[in-house]
Amino acid sequence: MRQSQMLIPTLKENPADADVISHRLMLRAGLIRQVASGLYTWLPLGLRVLRRVEQILREELARSGAQEVLMPVVQPAELWEESGRWHKMGPEMLRMQDRHQRNFCLSPTHEEVVTDLFRREVHSYRQLPCNFYQIQTKFRDEVRPRFGVMRAREFTMKDGYSFHMDQESLDATYREMHDCYSRILRRMDLRFRAVEADTGNIGGASSHEFHVLADSGEDVIVHALHSDYAANLEKATAAAPPTRPAPTAALTRVATPGQESIAEVSAFLSLPAARCLKTLILDGVDGPVAVVLRGDHALNEIKAQKLPGVTVPLRLAADTAVLEAAGCRPGSLGPLGLAIPTWVDIEAAAVADFVCGANTDGFHYTGANWERDIPLDATRVVDVRNVLPGDPAPDGSGPLALQRGIEVGHIFQLGRVYSAPLAAGVLDRSGASVIPLMGCYGIGVTRMVAAIIEQNHDDAGIIWPRPVAPFDVHVIALNYAKSEAVRTATEGLLQELEQLGFSVLLDDRDERAGVKFADADLIGIPHRVTVGDRGLAQGVVEYRGRRDTENQEVALAALAERLR
RNA sequence: CGGAGUGUAGCUCAGCUUGGUAGAGCACCACGUUCGGGACGUGGGGGCCGGAGGUUCGAAUCCUCUCACUCCGACCA
């Protein structure tokens, strides 16, 4: 491919709207252009990368026995009404009407359609298990699209759905997909981690997320330093704390004028934050609910939302509601004498001689103790905090560490959440109708391209891993327009390399050397070969890997071998 | 949806406070010089200053409304 014939609009300056590195580089290297918020056009170079990623997915999925299909982006409301999601889904689902005023949506996902396909066409246990996937456009009207294609509204996703007679079969396919995803990410040379994930409102037995490790990632993942334990922050737990020491201090009410935050109270009383308990009041279904945490711990909202009586989504109670429930402002709350349902984090329940608010503005207690001063109902002791780096892993293997990641894949077991309401039964050996179990497996394809760049770049530009690079070799022909020798050598080289199966981008533009080199670094093709009169006089060209800092002279005839 | 910010040439931005003929750099076109890490000179093309209304003799500039985009938060299989 000749660069003069290809639209690769590189930018010297950083676009004002791009903050994260991948977004910036994708714009600067001419991979994508924004059309509207969260909507992008993929330009020729970017599309080639996307296609290579897709190709790897197809190869690995085929190896795992999945069959490719293609389902529509526009879907009828009827199917979503059957599953109950037409009304459950919020405004992130874009709805529309056709000319007959029939309702449709732009598909955010395809469970309904694939289940409909299944129930129409598959009727016997002998056809199970089966596993369908597609690589298709999704649309989710995100409240806040950001980070370029990382969180776009329209994006490409590989989504797969499997159907099973029993849990054992579902487990087997689930494991196969877990392996498949790991192979895919390894093939792309990505550093990643598969972590246990919260199953969300769908429920189901297992769920794993695949995260590409990157500091710019939106998610926090937790892993044990000395074992395989890994989970996302929403789900991660620490080992239970040691049993609570016996009380030694007397309960004392102290004036703490103007000291409201844990930091202030802890400094004022010269006690570590871990000895101060913080009490949060949340909106509840039947009135406010309190949660008590250690002062140095943060509330885990996902865990808190699962507590009975807490509203979903979780909301902190307004100051007026706090005053009504406890008789004070939020800065002086404490569990002692609090007359609303109170959940206590397991770590908070393990502290003795602690500080807490006195439910009177400007006063706290010191030397407070559970049981002696405040009743503690064991069924109200729960895990509702975010783990911290250094916390002990739940498997007892040692400390936990935290890292940021980009969620590029998610697999989970759906059970019968869709197959049951859509009545997708098949007959078993005895002729009885059985509702199959389903699994669901997603990879964000466009997001994956951004994640690859987050992990593979330097100050000059992108550094594509070979398996996904838009081209294998970038031939920089210097003075191509004027030098007959360069043209002849380049054409020969191009033919030879392409015959050997390399895809080659030839920079035949009438540009100065500096411009070509800078663009080459920005675009990030793994192998760069410079052909110029200077080298040709000695019968050599120059080779430079994208990560190299020096050129190597290579005899023209030996280049193909060098690239192997 | 709450908070903040930005809209001026293809890109990055100045001009706005204090109203008076719309600018710079890069990019683009032509010619010349140059030619191995983002060249230089000369000339040129390109703008409904996001949109609408208002104030004014006169609005990119002041006022009101509106739209778009970005950031922070909330939300998110």
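Note that the structure is a prediction, hence the values are computed from the model and not measured.
- Between A:His208 and A:Tyr181, the distance separating the two ring centers is not shorter than 6.0 angstrom.
- A cation-pi arrangement is present between A:Arg95 and A:Trp86 under the rule of less than 6.0 angstrom and at most 45 degrees off the ring axis.
- For A:Pro15, the side-chain atoms get nearest to B:rU12 when compared with the rest of B:rU12, B:rA77, B:rA39.
- Salt-bridge check for A:Glu68 with A:Lys158: failed, with every basic side-chain N at 4.0 Å or more from each acidic carboxylate O.
- Distance from the side chain of A:Lys482 is smallest to B:rU34 among B:rC75, B:rU34, B:rC72.
- Nucleotide B:rC72 holds its P atom 12 Å from the CZ atom of A:Arg151, rounded to whole Å.
- In terms of phosphate contacts, A:Lys138 brings no side-chain nitrogen or oxygen within less than 4.0 Å of OP1 or OP2 of B:rA77.
- Listed pair A:Ser37 / B:rA68 fails the phosphate criterion, with no side-chain N or O lying under 4.0 Å from OP1 or OP2.
- Checking A:Thr10 against A:Pro145, the closest nucleotide of RNA chain B that is more toward the 5' end is the one next to A:Thr10.
- Between B:rA27, B:rC71, B:rC28, one nucleotide has an atom nearer to the side chain of A:Lys12 than all others, and that is B:rA27.
- Between A:Glu60 and A:Arg183 there is a salt bridge, since at least one side-chain N of the basic residue sits less than 4.0 Å from a carboxylate O of the acidic one.
- At a non-hydrogen distance threshold of 4.0 Å, A:Ala16, A:Asp17, A:Asp19 from residues 16-27 of chain A come into contact with RNA chain B.
- Atom CZ in A:Arg146 sits about 12 Å away from atom P in B:rC76, given to the nearest Å.
- One C1' atom belongs to B:rG25, the other to B:rU18, and the distance between them is 27 Å to the nearest Å.
- Across the protein-nucleic acid pair, A:Leu316 atom CG and B:rG73 atom P stand 16 Å apart, rounded to whole Å.
- Between A:Arg512 and B:rC35 there is no side-chain polar atom (N or O) within less than 4.0 angstrom of OP1 or OP2.
- The phosphate of B:rC76 (OP1 or OP2) has no side-chain N or O of A:Arg144 nearer than 4.0 angstrom.
- In this structure, A:Arg28 places its CZ atom 16 Å from C1' of B:rG10, rounding to the nearest Å.
- Distance from the side chain of A:Glu511 is smallest to B:rC28 among B:rA74, B:rG37, B:rC28.
- Among the heavy atoms of the strands, none lies under 4.0 Å from A:Glu218.
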